[in-house]
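Everything below concerns the one structure shown next.
Owing to the predicted nature of the structure, the values given are computational and were not obtained by experimental measurement. Sequence lines set the chain letters: A, B, ... in the order given, protein chains first and strands last, and positions in each chain run from 1.
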Amino acid sequence: MISQSYAALTIEITEGVEDAIPIAVVPFKWTGDKPLPKDSDIAEIVKADLSRSGQFAPLKTADMLAKPFSPRQIRFKNWRILEIPNLVIGQVRPGKNGKYIVEFRLYDVYRQKQITGFRYDAQPLQLRKIAHKISDIIYEALTGIKGAFDTRIVYIKKFPNKTPKPYRLYLADADGYGEQEVIRHDWPLFSPTWSPKGNQLAFAMAGSLGQGVFVFDIEIGKQPRRVTKRSTKASAPSWSPDGSQFAIQVLSNGSADIYTMDILTRKMQRITRHWSIDTEPRWSPDGSRIIFTSERGGSPQLYEYTFDDKRIKRLTFKGKQNLRASFSPDGKMITFVHLSKNNGYNIAVMDLGTREMRIVADSSSGESEHESPSFAPNSSMIIYAANYAQKGRKDKKTGLVAVSLDGSAPQRFVDEGIGEVREPAWSSYLN
Amino acid sequence: MLVLITKYPRAFAMAVVFHVIAAGAFVVNFQLDHKPVNVKKDVDVVQATMVDESEVQAELEKLKALEAKKRKSETDRVKKLERDADKARKKRLKEQKRLKELEKKRKKEQAKKKKLEKERKKAEKKRKEEDRKRKIAEKKRKKAEKAAKVAEQKRLKEVEQQRIAEDNRRKEEKRQKQAEVERKRAEEIERKAKEKALAAIEAQQRIDDERERQRQIDEENKRLESAKSKKEGKVINRYIGFIKKQVENNWRKPVTVKSTMSCDVFVRMMPTGDVLQVEARKCTGDDIFKRSVEDAVRAAAPLPLPPNKSLFTHFREITFKFKPKK
C-alpha cells in the first residue's frame, strides 16, 4: 500500500525477507609471544557457532576490507559498503599465571555504536567455552533468543572391532569439540538422557544379567548406580521436569509398556497396558503428559498420554512410521523420526498447537538415514545421528548433524569413520 | 349428519312404493262405470190367395205357379221369418249368454275390486304407518338437526369469541407496534437531532480539514505545477513503488517479530538517494525490531530516485510505516 500525503511521502512496509543476518567477526588480535592453544581461535569458533544456527551469515575473513581489533581502529564505512550491519571485534592478551584475557565488542555499523561487549579471564582450556559464551551473547543481542552454544551433548559410540567393551558413552561441547569418554562397557548402552538441571545423566544398559536404568553425576565422576530394581527389565528413561521420577519402558511377560517410577522410593506406576510394544517415553516439559512410540496401530506411531484424564491419543498419521519423539524445551514442538513413503528416515518437527508436521532433515535420496533427534535448550536447533552409505563399502559412516528449525545449514560435526555414533542428546542450559 | 343421510333414502323409497300402488287402484275404478244395451223380441205372420184352372189351369197354373211362387215366397218368407226368428232367438240366447258372462265378469270384477280395495286399504294403512314412522324419524332427524344446530351455534359462538379474543390480541399488538413505531420515531427524531448537531460540528471540522487539505493540495499543486506536468506525478508514483520494493527486500524480519509491532521510520534523503537521517518514531516492539526497520532503510540506500532532479523535492522526506503481517 502506498499512500502519499502531500506534506511528506509515506510508504507502508509489510513484507520483509527471512535472510540470515549478515555479521562480520574480525579475527581476534593475539598480543602474546607464544602461539595460542590449538583450536582456540575465538573468532573462528564464534563464526562457526553463528553459522551453524542457520540464522547468521558471517562474512568471510578474506572479504574484509580491514581487520580492526580496537574501537579506535574501526572505520564503519568499510562495513557499510559491504552492507554488513553487525561487527564483532576483539583481542586476546596474556594474563597473569598463564591465564588469558579475552575481550570482545559487538557494534551496530549503521548507528556507529557499541551494542555490547565483555572481558573474560580464562584458563587455557576455557578458551573455547569463552568463545561459545561470546556466541551466546551475540545471538541473544541480535535475535532476542537466548543462545545455546555454551552447552553440551551426550552420545553413544559402538566400536565393532574394539574388544573388550565396545560400547562407550561420550560427552562433548555442543559443537562436537572436547569429546570425552565417560563410560565403557561390554553390554550395549542405550538412551542417554540429561537430568533437568543438567548435572546428571541417565542411560539404559542391557546384557546377560538383565537390563536396567542407570544414573551418574557428571562432575563427581562416581560409578553409575542402578536406579531400577534388579528384577525390572527397564529401559528408555526420561526424567520428569522436577527430576523426581522417570518415565521408562518395562518389559514384562513379553510385552513392553510405559511406567513411571519414583527415583527415591522406586515405586512404579503403570501408564500403558497393551500387548503391542509401547516404548521411548518422553515426559513433557510442563509435566502434564508423556509422548511415546507404540505399535498398537500396526506400525510404530507416536501417542500421547495425558495425566489429567489418563487418556491416550494418537499424534501422528502421516508416513509409514513415526517414532523416537523428543520435546522442544519450550514444550511447543516435538521432533521425531519420520519414515516416508520411499523408505527414507527423515527428521520431522511437529507444532503441537497446530499439529502440522514438516521435515527438517530429508533423507529421501537414500544416501543417509537419520535417527534420534534432540532439541537444543533454546528450541531453535536440532541434533541427530546420521548414517551415510559409503561408496564401495558395506559398512556405513556415521556422524552427528545439527540443523536449524527451518532446515537450513545442516552441519556434520562428529564424524567417526570407525565407530558408530548414536543417540545424541542435547543438554539444558548449563549456567 | 351421517345418520340423517342414511334415513332420508329409506323414507324416499317408501314414498315411491306407495304412489305406484295408488295409481293401480285408480285405473280399475274407471272401467266399472260402462253399462250394457237391452235387445226387443217381435215376430211378423204372412196370409195366401187362389187363381183360374186353364186359365184357371193356366191361371191355376199361373195361380198355382203364382201360388207356388206365393207359397214358396210365403214359405220362404215364413222360413225366412222362422230363420229370422231363429236367428233372433239365437241372437237373444247369445245375447243372454253374453249378458250372463258380462254379469259374471262384472261380479268377478267386483270381487277383484273389493280385493283391490282391501289391498288399497291395507296399503293405505301401511302407508299411514310408514308415514307415522317417517314422521317420527323426521322428528328425530329434526331433533338431531336441532341438537347439531345448537352445537354448531355453540361452536360458532366459541369461534366468535376466539375471533374477538384474536381481534383484541391483534389490536393490542397493533397498538404496541404503533407504540414501538412511535418510540422509534421519537428516538429517530432525537438521533437525527443529535446527528444534525454532530454533523454540524463535523461539517465545520470537514470544512476546516478540507481547507487545510486544500491548502496542502494547493501548495503541492504549486510544486507539481512548478514541475509542470501530470506525467511527472506518475513518475513520482512509480519511484515510490521502487523505493517500497527496495526497502522490503532489505528488511530482515526478526524471528521474534509480531503483528502487533509497528514502527514509523522517518528518513531525510540526499539528492543522491543516500539517507541523511534515519529515525524510528512511534515504535511498538522491542529494540531488535526497531533496529531491524531502521537497518532495512539504511541497507536499502541509496534509494532509487527519478532522474529528473527537479522532482527530488517530493522525496526529501519520507516516512516508512512498518507493519509486519506475521
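Heavy atoms of A:E15 lying under 4.5 Å from chain B belong to its backbone as well as its side chain. B:I288 touches chain A through its side chain: at least one heavy atom from C-beta onward sits under 4.5 Å away, while N, CA, C and O do not. Neither the backbone nor the side chain of B:D286 comes within less than 4.5 Å of any heavy atom of chain A. Looking at A:I115, only its side chain comes within 4.5 Å of chain B, counting heavy atoms on both sides. Residue contact with chain A, scored on non-hydrogen atoms closer than 4.5 Å, is absent for B:R316.
Using cut-offs of 30° and 60° for the angle between ring planes, the A:Y139 and A:F56 rings count as tilted. Ring-plane geometry between B:Y239 and B:F242 is classed as perpendicular, the angle between the planes exceeding 60 degrees on a 0 to 90 degree scale with a lower cut at 30. Below 30°, between 30° and 60°, or above 60°: for A:F104 and A:F118 the angle between ring planes is below 30°, a parallel geometry.
Remark: side-chain polar atoms of B:Q246 are paired, donor with acceptor, to backbone N or O of B:A300 under 3.5 angstrom.
Nearest approach of A:P71 to A:I89, heavy atoms of both residues: N-CD1, 3.8 Å.
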